[in-house]
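Okay, so here's the structure we're looking at.
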Amino acid sequence: MPELPEVETLCRQLKQTILGYVIEELVIMDNKLNCPKNVAGLRVRSVERQGKFLLIRLDPYRTLHLHLRMSGRLLWCGHADGLPAHSRFMICFPRGRLICIDPRRFATLALDDPKDRTAPVPDPLKSINANKLRQAAQGRQAPVKSFLLNQAIVAGIGNIYVCEMLHKAAVSPWRRTNSLSPAEWRKIAHAGRSILRHATECRGTSISDWRDLYGEKGRYQLHLKVYGRKGLPCACCGEKIQRIAMGGRGTYYCAACQQ
DNA sequence: CGAACGACCTGTTCGC
DNA sequence: TGCGAACAGGTCGTTC
């Protein structure tokens with residue numbers, strides 16, 4: 001479910017909610033999550049986002065790595081509130097509890113994962129630019145949509161926003177990376193930055209079940225141009241939006257606008 | 001090395 | 001209405 005704007009929203013809200021507070025207890029309800037629980041007494045030093053990962057840095061020197069995958073959510077609850085359905089773990093603080101809800105059970109939680117030491121990947125909110133993308137695309141011939149979804153190249157873009165970016169850039173998802181001109185890379189980089197910033201300001205896209213840390217819907221679903229709009233007219237040209245699977249994933253685009 | 005595909009899970013929506 | 005199929009925002013391991 002969550003892509004960069006949704007994870008960034010949670011990151012910002014967590015900073016306002018748990019920064020500086022001491023963990024009382026980590027309770028794991030889903031034993032599929034085999035994460036060590038010995039973090040009681042540690043203080044939250046910082047909360048960061050790396051791509052779609054949330055890193056909760058603890059004092060002294062431990063880090064919780066959370067990835068919400070497809071259906072994970074985080075909800076801030078008072079101690080008196082009951083546990084929602086599909087609660088998988090919770091981190092208890094004196095002033096409330098942070099609960100992870102995840103119907104499909106794909107989310108992962110790790111303590112001090114060694115993957116932390118891998119080189120950081122460019123973040124499209126900060127450092128995306130046309131030249132870097134074009135260089136990374138050298139020698140590749142994957143469709144540009146698959147390329148942009150590759151988290152080892154740019155971290156954070158998912159299926160909703162890649163469809164929206166390519167529509168705004170007027171580039172077909174099936175174009176091979178090695179066929180794109182410098183001007184097309186510039187349009188993709190610009191569309192990506194602008195859409196991801198706008199979606200973050202809107203606190204994400206609530207198509208069905210995305211909610212922020214306090215249970216509120218995002219607003220970016222009101223701005224979607226292609227995702228989930230199969231058969232509806234394109235806002236730019238009026239042609240019907242298509243949905244065709246690429247690698248098993250729904251790919252929405254306007255065949256008239258996107259060449 | 002890169003690309004395609006199934007696997008991991010459960011819930012909801014679609015189509016007959 | 002009922003039932004199976006298709007679909008869902010993400011990644012990983014295997015195979016070619």
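As the structure is a prediction and not an experimental result, all values here were calculated from the model. Each chain gets a letter, A, B and so on, in the order the sequences are listed, and its residues count up from 1.
- By the 4.0 Å N-to-carboxylate-O rule, A:Asp209 lies too far from A:Arg73 to be salt-bridged with it.
- Side-chain to base pairing of A:Arg105 with B:dC9: no donor and acceptor N or O lie closer than 3.5 Å to each other.
- Rounded to whole Å, atom C1' of B:dA4 lies 14 Å from atom NZ of A:Lys145.
- Contact annotation: A:His86 does not reach the phosphate of B:dT10 (side-chain N/O to OP1 or OP2, under 4.0 Å).
- Judged by Watson-Crick or G-U wobble contacts below 3.5 Å, the nucleotide C:dT15 has B:dA3 as its partner.
- Counting atom types as modelled, A:Arg104 pairs a side-chain N or O with a base atom of C:dA8 as donor and acceptor under 3.5 Å.
- Taking the P atom of each, C:dC3 and B:dC9 are spaced 27 Å apart, rounded to whole Å.
- Atom CD in A:Gln141 sits roughly 13 Å away from atom C1' in B:dA4 (whole-Å rounding).
- Nearest-nucleotide mapping onto DNA chain B: of A:Gly247 and A:Gly139, the residue sitting toward the 5' end is A:Gly139.
- With rounding to the nearest 0.5 angstrom, the OG atom of A:Ser71 is 7.0 Å from the CZ atom of A:Phe106.
- Residue A:Arg243 is classed as a sugar-phosphate contact, given heavy-atom separations below 4.0 Å to backbone atoms only.
- Under 4.0 angstrom from either OP1 or OP2 of C:dG10 there lies no side-chain N or O belonging to A:His67.
- Ion pair A:Asp102/A:Arg88 not flagged as a salt bridge, since none of the NZ, NE, NH1 or NH2 atoms sits closer than 4.0 Å to an Asp/Glu carboxylate oxygen.
- Atom OH of A:Tyr252 and atom P of C:dC7 are 9 Å apart (whole Å).
- Counting any heavy atom pair closer than 4.0 Å across all strands shown, A:Asp209 reaches a base atom.
- The cationic atom of A:Arg203 (NZ for Lys, CZ for Arg) does not lie both less than 6.0 Å from the six-membered ring centre of A:Tyr220 and within 45° of the ring axis.
- Comparing the same atom, P, in B:dG11 and in C:dC12 gives a spacing of 24 Å after rounding to whole Å.
- Residue A:Tyr227 is classed as a sugar-phosphate contact, given heavy-atom separations below 4.0 Å to backbone atoms only.
- When rounded to the nearest whole Å, the span between CD1 of A:Ile207 and P of C:dC7 equals 16 Å.
- Distance A:Leu149 CG to C:dG10 P: 7 Å, rounded to the nearest Å.
- Each of B:dC9, B:dA3, C:dA8 was ranked by its minimum atom distance to the side chain of A:Arg140; first place goes to B:dA3.
- The residues A:Glu8 and A:Arg12 are annotated as salt-bridged, a charged nitrogen and a carboxylate oxygen being separated by less than 4.0 angstrom.
- Computed from coordinates, the A:Met29 CE to B:dC9 P distance equals 19 Å when rounded to whole Å.
- The ring of A:Phe147 has its center closer than 6.0 angstrom to the ring center of A:Trp185.
- A:Arg69 has no side-chain polar atom (N or O) that falls below the 4.0 Å cut-off from OP1 or OP2 of B:dC8.
- Atoms CD (A:Gln151) and P (C:dC12) sit 9 Å apart, rounded to a whole Å.
- By the stacking rule of 5.5 Å between ring centres and under 30° between planes, A:Phe106 stacks on the base of B:dC8.
- Taking atom P on both B:dA7 and C:dA6, the two are 15 Å apart, rounded to the nearest angstrom.
- Taking atom CE on A:Met246 and atom P on B:dA4, their separation rounds to 9 Å, with Å as the unit.
- Residue contacts shown for A:Thr205 include a base, since a base heavy atom lies under 4.0 Å away.
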